Asker: 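Take a look at the following structure, please.
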Amino acid sequence: MSKYNLLTLYFLLFVSIGMASYAIFKTPNSINPISNSIAGVGMLESMPRPSRDSLMLFDLPAELSFAGEKVPLEIPDVKERLEREIYVNAYWQSNMILLMKRSSKFIPKIETILKENGVPDDFKYLAMAESGLMNVASPAGARGFWQFMESTGKEYGLEISKDVDERYHLEKATIAASKYLKKAHNKFGDWTSVAASYNMGQSGFARRQSEQLQTDYYDLHLNDETSRYMFRILAFKVIFENPGAFGFHLRESDYYNEPEMKSIHVTSDIKNLANWAKEQGSTYKELKLYNPWLRDKDLNVRRGRSYDLILPK
């Protein structure tokens, strides 16, 4: 290549680089974070905002109540605390989907018992907040859907022994919970305080009311768990009452259902539950699955006691 051609090539290359650099630094949509007096502001303003569909934002209901009692959404921190629990639970999609699918097996029974015992229907969401509608056990020793401690369970009529733990019996535990809730309502006079006291205990909640000269839950400064507890219940209510608004579109066939059951009345000891289940045309697994309150491999029936065991037909 001649010296003349080489110089011409270098010249054209230099001009091209210069024009490209000029275009980059003069482009209206370019970002120069150093030129902003507050770091990041110019960058955020110049970047396109994501659409609502890319990360869904939720609208709060204009009005909300719990057990017929108004939730004061006009108070800024109340609104913020509710939104926190809605986003935490709505975006924990796997947990929420499974809770919704599971609810069809248990919520109708809970609704019926609450109504029969004069407890507002919204307390079914308290059971969701307590256990996720599963027979879970807490490190502190609480058990079942309603998370009764042993002493409280016995106080409200549940049998708790080596063979039997009725904290795991949905119907009997819900009746016991109804008694507890009504007694708490007689003490506090409003259902919101009843729900909050279920988390921290009636004595503890009453003490906070006395210390802070306030009776309204929404005006109290409480520990983090109880401060969030009522709003977790409310979040479940908001999402369950309008699931489509939060991206949950379950079909009727998506929900879990139990098989048709038969009830067997037992008045005498069962020395081997596996043998007994087989004699009934079932299995030990099914016996334990549908009667989780049976806690051992046998069942001792004390004088005057009897039990109803359920199995698939």
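Since the structure is predicted, the reported quantities are computational estimates derived from the model, not experimental observations. For reference, positions follow the sequence shown, starting with 1. Atoms considered below: every heavy atom in the structure, side chains included; atoms not considered: hydrogens, waters and symmetry mates.
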Asker: Would you indicate whether the side-chain heavy atoms of K183 and K187 approach each other to under 4.5 Å?
Answerer: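 Answer no - side chains too far apart.
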Asker: Could you tell me whether the side chains of S193 and D190 share a donor-acceptor contact shorter than 3.5 Å?
Answerer: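 Indeed, the side chains of S193 and D190 share at least one donor-acceptor pair under 3.5 Å.
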Asker: For Y307 together with W293, are the ring centres under 6.0 Å from each other?
Answerer: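 Between W293 and Y307, the centre distance is under 6.0 Å.
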Asker: Check this for me, if you would: do E258 and K105 make a salt bridge, where the nitrogen-to-carboxylate-oxygen distance has to be below 4.0 angstrom?
Answerer: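 Answer for the salt bridge query: no.
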Asker: To the nearest 0.5 Å, what is the distance between NE2 on H249 and CG on D254?
Answerer: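 Atom-to-atom, H249:NE2 and D254:CG are 12.0 Å apart.
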Asker: Carefully, step by step, assess N275 and Y284 under the rule side-chain contact (heavy atoms from CB on, under 4.5 Å).
Answerer: CA-CA 8 Å; N275 286 339; Y284 182 73; over 6 Å; no
Asker: Can you confirm whether Y168 sits close enough to R295 that some side-chain heavy atom of one is under 4.5 Å from a side-chain heavy atom of the other?
Answerer: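 Yes, at least one pair of side-chain atoms sits under 4.5 Å.
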Asker: Any side-chain donor-acceptor pair under 3.5 Å between S282 and E286?
Answerer: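 Checked: S282/E286 side chains pair up, N/O donor to acceptor below 3.5 Å.
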Asker: What do you reckon, is NZ of K162 surrounded by more than 12 foreign heavy atoms closer than 6.0 Å?
Answerer: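 Yes - once you tally the heavy atoms of other residues, nucleotides and ligands closer than 6.0 Å, there are more than 12.
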Asker: Could you tell me whether the side chains of T192 and E69 share a donor-acceptor contact shorter than 3.5 Å?
Answerer: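 Distance-only check passes for T192 and E69.
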Asker: Would you check if the side chain of N291 reaches a backbone N or O of I310 as a donor-acceptor pair within less than 3.5 Å?
Answerer: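 A pair under 3.5 Å: yes.
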Asker: Do K179 and E155 meet the salt-bridge criterion of a basic N to acidic O distance under 4.0 Å?
Answerer: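 No, E155 and K179 are not salt-bridged.
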Asker: Taking ring pair (Phe, Tyr, Trp, His ring centres under 6.0 Å) as the cut-off, I'd like each qualifying pair that reaches into residues 104-123, sequence neighbours left out, listed once.
Answerer: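 Counting only pairs at least two positions apart or across chains, the ring pair (Phe, Tyr, Trp, His ring centres under 6.0 Å) contacts touching residues 104-123 are F66-F123, F106-F145, F123-W191.
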Asker: Kindly write out the residues that satisfy side-chain hydrogen bond (donor to acceptor under 3.5 Å, both in side chains) with E150, not counting sequence neighbours, or none if the list is empty.
Answerer: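 Result, side-chain hydrogen bond (donor to acceptor under 3.5 Å, both in side chains) vs E150: K154.
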Asker: Using a strict 4.0 Å threshold on nitrogen-to-oxygen distance, state whether D269 and K271 make a salt bridge.
Answerer: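 Yes, charged N to carboxylate O under 4.0 Å.
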Asker: Does the pair K237/D122 count as a salt bridge with the N-to-O cut at 4.0 Å?
Answerer: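 A salt bridge is present here (some side-chain N lies under 4.0 Å from a carboxylate O).
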Asker: One thing to verify: whether E225 and R232 come together as a salt bridge, which I'm taking to mean a side-chain N less than 4.0 angstrom from a carboxylate O.
Answerer: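 So R232 does not pair with E225 through a salt bridge.
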Asker: Under 3.5 Å, side chain of R81 to main-chain N/O of S227, donor-acceptor pair present?
Answerer: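 It does hold such a pair.
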Asker: Please list, chain by chain and in numerical order, all residues satisfying side-chain hydrogen bond (donor to acceptor under 3.5 Å, both in side chains) with S197, sequence neighbours excluded.
Answerer: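 Partners of S197 under the side-chain hydrogen bond (donor to acceptor under 3.5 Å, both in side chains) test: none.
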Asker: Are side-chain N/O atoms of Y229 and E130 paired as donor and acceptor at under 3.5 Å?
Answerer: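 Judged by distance alone, the side chains do pair up.
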Asker: Any ion pair linking E74 and K79 (charged N to carboxylate O, less than 4.0 Å)?
Answerer: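 Salt bridge absent between K79 and E74.
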Asker: Indicate whether any N or O donor in one side chain lies under 3.5 Å from an N or O acceptor in the other, for T174 and W146.
Answerer: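 Their side chains do contain a donor-acceptor pair, which is all the 3.5 Å distance test asks for.
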Asker: Could you label the plane-to-plane angle of the Y87 and Y91 rings as parallel, tilted or perpendicular, counting under 30° as parallel and over 60° as perpendicular?
Answerer: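 Y87 and Y91: parallel rings.
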